[in-house]
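Here the structure comes first, spelled out in structure tokens, and everything after it is commentary.
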Amino acid sequence: MPSIDRRQFLQRSGAVLLPAIIPITAMAGQSAAAELPADEPPVSFFYDGADFNPAQYIDALQKLNAKEPIKRDFYGQGGAVAALEKKMAEITGKEKAIYMPTGTLANQLAIAELSGANTKVFVQDMSHVYRDEADAAQSVFGKRLMPLAMGQTYFTAVELKEAIEGLKSREVFASGIGAVSIENPVRRTDGRMVPIAEISKISAYCRANNIPLHLDGARIFMAAAWSGVSVKEYASYFDSVYISLYKYFGTAGGAVLCGNSSLIDKMPHLIKIHGGTVFGNWVNAAMALHRMDGFENRMKESIERANMIFEGLNKIPGLKITALDGGTNIYAFEISGSINAAALQQKLNKDFGIRIVPADKNGKSTLTVNETILYREPAYIIKAFESSVR
Ligand SMILES: Cc1ncc(COP(=O)(O)O)c(C=O)c1O
């Protein structure tokens, strides 16, 4: 299945112009429901989480602050930032965590620091580090990214070993191996996961050979929800772990990097020299802390409801939803030629407050599950599709 290009999707759907998704949970007893404006929130079958527009963001922070005053940080020290770092260190089981302005900087600094003076860094061909970080590893950090698993979600431990050991015969001036980086789940392969058994083997190989291992875990909470493997277990196989704050925790940006004290303690200086030290970060940190609360349960509930909904939708003639092989929250969605796919998308949006990614000319699309699925009862969502295909 082709990967959904986010920019292309935004252009096709005109979603850049739409009001942002209103993040109210319709789950009975969920605290967020009482805290946010009660107009009809759309269910969005795209993105990994609820999205806040500025008014909702401010409203959520005001309510949080009224409950317990938000503590500010100064240049990332203290306050909500320190509380977030403590929580992330606990969740990942690492000694320390540090707030980072972006995931890109978290990945780059972790990889560069773990590699030391060694230049070769093995990555997935489809990874964000390889394809989407503007060649920062090469141009800023003096690293040579070595792509593996061309066009695939992951490389195996055997492939990594072959690539590393084969260097001796393929290159005359073999310089040292710096690090290995794994992205999981992989954005460019529609959120497919690296199997935990393979991660375990790769980690064992790296540890036996003193090769540091970094996890681009921007969406590791999604992998955990779908695989049942805890974030802590995933993290245990790696020397450093980056987690995004805005993909599904609703912040305006930010990231966290976790690892040993020896690595994390170097970060404040490195962030500063790369121009990433921001005076105040509490807006993102307070929101992340708030949205992390109960996240795991909301995802469990979201998966249960998605299964119910997709079972119902698969009974509608002309619609087919399939879980991706090794996938997480992105499902293949096929609309047969007998249905007007564009009309279906527009009707769902206009009449039922349900947003889907426009299908391509072959009727192929995806449905991404996130916690906005909780905003309506499964029966309502199934009925909405039934009415909209007519
Ligand atoms: C897998 C992955 N890693 C890293 C990043 C970078 O995050 P940021 O936008 O915070 O730099 C992203 C963002 O899209 C991502 O999807």
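Atoms within a ligand are numbered from 1 in the order they appear, just like the ligands themselves. These numbers come from a predicted model, not from an experiment.
Taking N284 as the reference, Y57, Y99 meet the side-chain hydrogen bond (donor to acceptor under 3.5 Å, both in side chains) condition, with sequence neighbours excluded. The side-chain hydrogen bond (donor to acceptor under 3.5 Å, both in side chains) search around E133 returns N107, Q108, H128, not counting sequence neighbours. Not counting sequence neighbours, T368 has no partner by the side-chain hydrogen bond (donor to acceptor under 3.5 Å, both in side chains) test.
In summary, R291 and E371 engage in a salt bridge, as defined by a charged side-chain N under 4.0 Å from a carboxylate O.
Judged purely by atom type and a 3.5 angstrom limit, T277 uses its side chain to pair as donor or acceptor with the backbone of K272.
Counting non-hydrogen atoms of other residues, nucleotides and ligands closer than 6.0 Å to CD of E296 gives a total of 12 or fewer.
Near ligand 1, residues T102, G103, T104, N107, H128, E133, E183, R187, D216, A218, R219, Y242, Y246, K247 each place a heavy atom inside the 4.0 Å sphere around the ligand atoms.
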